[in-house]
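This report refers to the structure that appears directly beneath it.
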There are 2 protein chains.
Amino acid sequence: MSDAKIRTMEEFAAVSGISRPTLSKYFNDPASVRKSTRARIEAAIERFGYRPNIYALNQNRKQTRNIGILVPYLADPFFAEMARHVEAVVIAAGYRPILLSSHGDPAQELENLDSLRDIRPAGVLLAPLGRRSDAERVRAFCEEVTTVLFDCSVEGAGEAFVGSDNDQSVGLIVDRLCDTGEPPAFFEMRDPSNPNALKRREAYARAMTRRGLEPMYVRAEGTGWDFEEVGFRGGLEAIARRRLPTDTVLCSNDRLAIGFLAAAYEKGLRVGRGPGCALRVAGHDDHPFARYTCPRLTTVAQDYEAIARKSAETLLSLIRDDSRAASREVALFGGRLVERASA
Amino acid sequence: MSDAKIRTMEEFAAVSGISRPTLSKYFNDPASVRKSTRARIEAAIERFGYRPNIYALNQNRKQTRNIGILVPYLADPFFAEMARHVEAVVIAAGYRPILLSSHGDPAQELENLDSLRDIRPAGVLLAPLGRRSDAERVRAFCEEVTTVLFDCSVEGAGEAFVGSDNDQSVGLIVDRLCDTGEPPAFFEMRDPSNPNALKRREAYARAMTRRGLEPMYVRAEGTGWDFEEVGFRGGLEAIARRRLPTDTVLCSNDRLAIGFLAAAYEKGLRVGRGPGCALRVAGHDDHPFARYTCPRLTTVAQDYEAIARKSAETLLSLIRDDSRAASREVALFGGRLVERASA
DNA sequence: GTTGAAAATTTACGCGCGTAAAAATTTGCT
DNA sequence: AGCAAATTTTTACGCGCGTAAATTTTCAAC
């Protein structure tokens, strides 16, 4: 920091007394030079504050150290949390995360894929929009770029998929709800754009059938990513028209549940499992806000960190081996029951 | 898309029948070539699917078209929304947003600043962590890179600052609360790391004094970014120990209010302004979830979109004029009262 | 059909770094 | 001290594109 700014590796070689090719080796992989040399280089870096030009670097390297992270909707705290954990792993491994959000828009998702192509990432972690994704182009993208999908799968796309085991997690909470009161009706969007929603619907049906019970559905109209609003309106309507077949409601996800709880409150229905409660409500995901609903939301927690870590590490190992995985690996994580006051 | 992949501009020049310098001009600014030429180029792009190498581009251009966006905590929907709006403006102007989050960590913020330096952005939109930011290094960064601060200011840093007019917005809601019931006590973190919190505290004091009232404070312990938790615990304690001097609470921000409402619910206190209500609670920001609390939160809305747009546009015009603004421009946006059920 | 300005082409060099090959140096070991 | 192996240095070229200068072509207006 003391002397005039060093702008190029050439200049840095001059002042540090180390040849440029050796410096280049060092910046590619510090472990590839002798320890004494490394020490000298690092001292010089400290002293002159030199950092290689990242564009020249990426232009000439066969592989960049960029990792693309594309999520469908970053304003959803679920994905924000996911991205946060993924980033941490990626950075720790010495890569540079590039975070992109499609903001719920399929066109934006395609633009983001192009954008990612442009930066020639070493790999991409992709949580697709779901049913509204252009599956064909997602697959085409995955052909070109080493990609691991998470949260939501697209048939035949990506070297691997890491998601949640909806069968396990939904089974868990259905069983619990049945054991402690009336069996739950399933509250969901009529036309969900996320495949997880469909899997949960089916998982719910199986869990009920397994117990010899008839599945019951309560459906909310609405599209897009404003789930709370959909849950709220759907909840208001279901309550007003007495469309709730039991006193227990299992929501397809926590954001719907948050809206539903607001509706119940609005309608003066007391939610909870105590006496004097008219309704039990449960969710799915353990959304960051689930613990601050009124009452606090019973739900089944996804292990954000585990899913994020597994996704990132799978991608990183694919990158290191440069192996376009022989078979498409699928890893599903089970949920953990989180019993709070709402059910 | 039909023919073999074109990899370089040279190749693209050959197949498109247009000289490379002209192509270069076009990619720098499509309007700088004759209309007929532009049409031919665009037809060829369509046909061959060529896109210039972004690294070579950025290495050689004097200025990249990257715009850095650095927020303190992306898992906070407030900043997620902010980022979303900012991104839209930046993209529309033909720039490429690079979104970074410090995840509440000052060390990460410094790393992010270095990271941004590396990509030589045309400009940066920076929402600092606040009091925990390394002000000296933030200023140093702003010396090097054209930067507009938003949401939270750092003394003497950045060409401009765009934020909210806390005096106006807090005054608005204090007046309203006073007009419709008991004057509010101010609920806040004892040791807030965000300067807005301090400004709101002062604004509250002024608003109360103006009415000849004594300011009343209720303070919650806790640090970090888990505001809901702080609000919840602080709320539980304040209620348990009867530390609420009036029946009306104005929270320093909506996330605290969300926690406080959860605490009130837990304690069986009915919140709202109707008869039978023990407490009125209001917030500040119109957080995306404020409309789904129980009861729905009365608050004062920040105009996310306006702040985002103004920030981005200020930066873009600074970039275009290449003018290191003569004086540090400050733009403050007023709030809009959003009366819902909680107060 | 001329003319002059505007636009495109030709030619050539530079950006900062990766990397290959050959030569020189350092290192660890006997 | 002597030797082979490991490491570094020297030298040189390439990556894909920006851009300057000189030249040629195109265009619009007379």
Side-chain angles (χ1 to χ4, degrees), chain A residues 4-45 48-66 94 96 117-122 322, chain B residues 4-45 48-66 94 96 117-122 322:
Chain A
K5 268 280 167 56
I6 304 299
R7 310 217 144 279
T8 77
M9 210 176 221
E10 205 80 54
E11 289 173 24
F12 186 58
V15 298
S16 67
I18 292 185
S19 74
R20 195 170 66 71
T22 300
L23 290 174
S24 179
K25 272 197 79 182
Y26 168 84
F27 284 112
N28 245 302
D29 175 13
S32 68
V33 303
R34 195 152 39 202
K35 192 155 37 168
S36 60
T37 313
R38 197 184 321 153
R40 288 171 59 205
I41 295 176
E42 278 160 3
I45 290 177
F48 297 102
Y50 166 75
R51 307 186 65 165
N53 178 309
I54 200 169
Y55 298 116
L57 229 77
N58 284 333
Q59 171 171 22
N60 295 307
R61 283 222 246 267
K62 290 168 202 129
Q63 212 190 218
T64 68
R65 295 185 80 80
N66 294 331
R96 166 195 284 270
R117 248 187 285 252
D118 284 350
I119 62 170
R120 295 191 358 234
D322 197 23
Chain B
K5 267 282 168 54
I6 303 299
R7 310 216 144 280
T8 78
M9 211 173 206
E10 206 80 55
E11 290 173 24
F12 186 57
V15 299
S16 66
I18 293 186
S19 75
R20 194 170 67 72
T22 300
L23 289 173
S24 181
K25 272 197 80 183
Y26 168 84
F27 284 112
N28 245 303
D29 175 13
S32 68
V33 303
R34 197 157 33 206
K35 191 154 41 165
S36 59
T37 313
R38 197 184 321 152
R40 286 172 59 205
I41 295 176
E42 279 160 4
I45 290 177
F48 297 102
Y50 166 75
R51 307 186 65 164
N53 179 308
I54 200 168
Y55 298 117
L57 227 76
N58 285 333
Q59 171 171 21
N60 294 307
R61 283 222 247 264
K62 290 169 201 129
Q63 214 190 216
T64 69
R65 294 186 80 79
N66 294 330
R96 165 195 285 269
R117 248 188 285 253
D118 284 351
I119 62 169
R120 295 194 355 238
D322 197 23

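Bear in mind the structure is a predicted one, so any value in this text is a computation, not a measurement. Here is the naming used below: chain letters follow the sequence lines, and residue numbers restart at 1 for every chain.
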Categorize T8(A) for me: base, sugar-phosphate, or nothing, with a 4.0 angstrom heavy-atom threshold over every strand shown.
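It contacts sugar-phosphate atoms only.
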Contact class for Y50(A) vs. all strands (heavy atom < 4.0 Å): base, sugar-phosphate, or nothing?
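The residue Y50(A) makes sugar-phosphate contact but no base contact.
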Specify the residue among K62(A) and Q59(A) whose closest nucleotide of DNA chain C lies further upstream toward the 5′ end.
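Between the two, 5'-proximity favours Q59(A).
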Can you give each donor-acceptor pair under 3.5 Å made by side-chain atoms of residues 34-41 of chain B, sequence neighbours left out, with the distance rounded to 0.1 Å?
unit_1	atom_1	unit_2	atom_2	d
R38(B)	NE	P30(B)	O	3.1
R38(B)	NH2	V33(B)	O	3.4
R40(B)	NH2	G17(B)	O	3.0

Can you list everything that forms a ring-ring contact (aromatic ring centres under 6.0 Å, His included) with Y50(A)? Sequence neighbours excluded, please.
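If we apply the ring-ring contact (aromatic ring centres under 6.0 Å, His included) test to Y50(A), skipping adjacent residues, the hits are F12(A), F27(A).
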Could you list the residues that satisfy salt bridge (charged side-chain N to carboxylate O under 4.0 Å, His left out) with R51(A), not counting sequence neighbours?
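R51(A) satisfies salt bridge (charged side-chain N to carboxylate O under 4.0 Å, His left out) with D114(B), D118(B) once adjacent residues are dropped.
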Working for side-chain contact (heavy atoms from CB on, under 4.5 Å), residues T64(A) and R96(A)
CA-CA 9 Å; T64(A) 68; R96(A) 166 195 284 270; over 6 Å; no
Check L57(A) against P52(A) and note the closest heavy-atom contact, atom names and distance.
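Shortest heavy-atom contact: CD1-CB, 3.6 Å.
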Nearest atoms (heavy-atom pairs only) where N53(B) meets R120(A):
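Smallest heavy-atom distance, with atoms named: ND2-NH1, 3.7 Å.
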Enter the distance from Q59(B):CD to I54(A):CD1 here, rounded to the nearest 0.5 Å.
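Spacing of CD (Q59(B)) from CD1 (I54(A)) equals 12.0 Å.
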Report all interatomic pairs (protein N or O, nucleotide N or O of nucleotides 8-11 of chain D) with separations under 3.5 Å.
unit_1	atom_1	unit_2	atom_2	d
dT8(D)	OP1	R34(A)	N	3.0
dT8(D)	OP1	T37(A)	OG1	2.4
dT9(D)	OP2	S19(A)	N	3.1
dT9(D)	OP2	S19(A)	OG	2.6
dT9(D)	OP2	T22(A)	OG1	2.8

Distance under 4.0 Å to a non-hydrogen atom of chain A counts as contact; along DNA chain C, which nucleotides mark the start and end?
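The footprint of chain A covers dG16(C) to dT27(C).
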Is there any salt bridge (Lys or Arg N to Asp or Glu O under 4.0 Å) pair reaching into residues 7-33 of chain B, and which pairs are they, with sequence neighbours excluded?
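Sorted pair list: E10(B)-R20(B).
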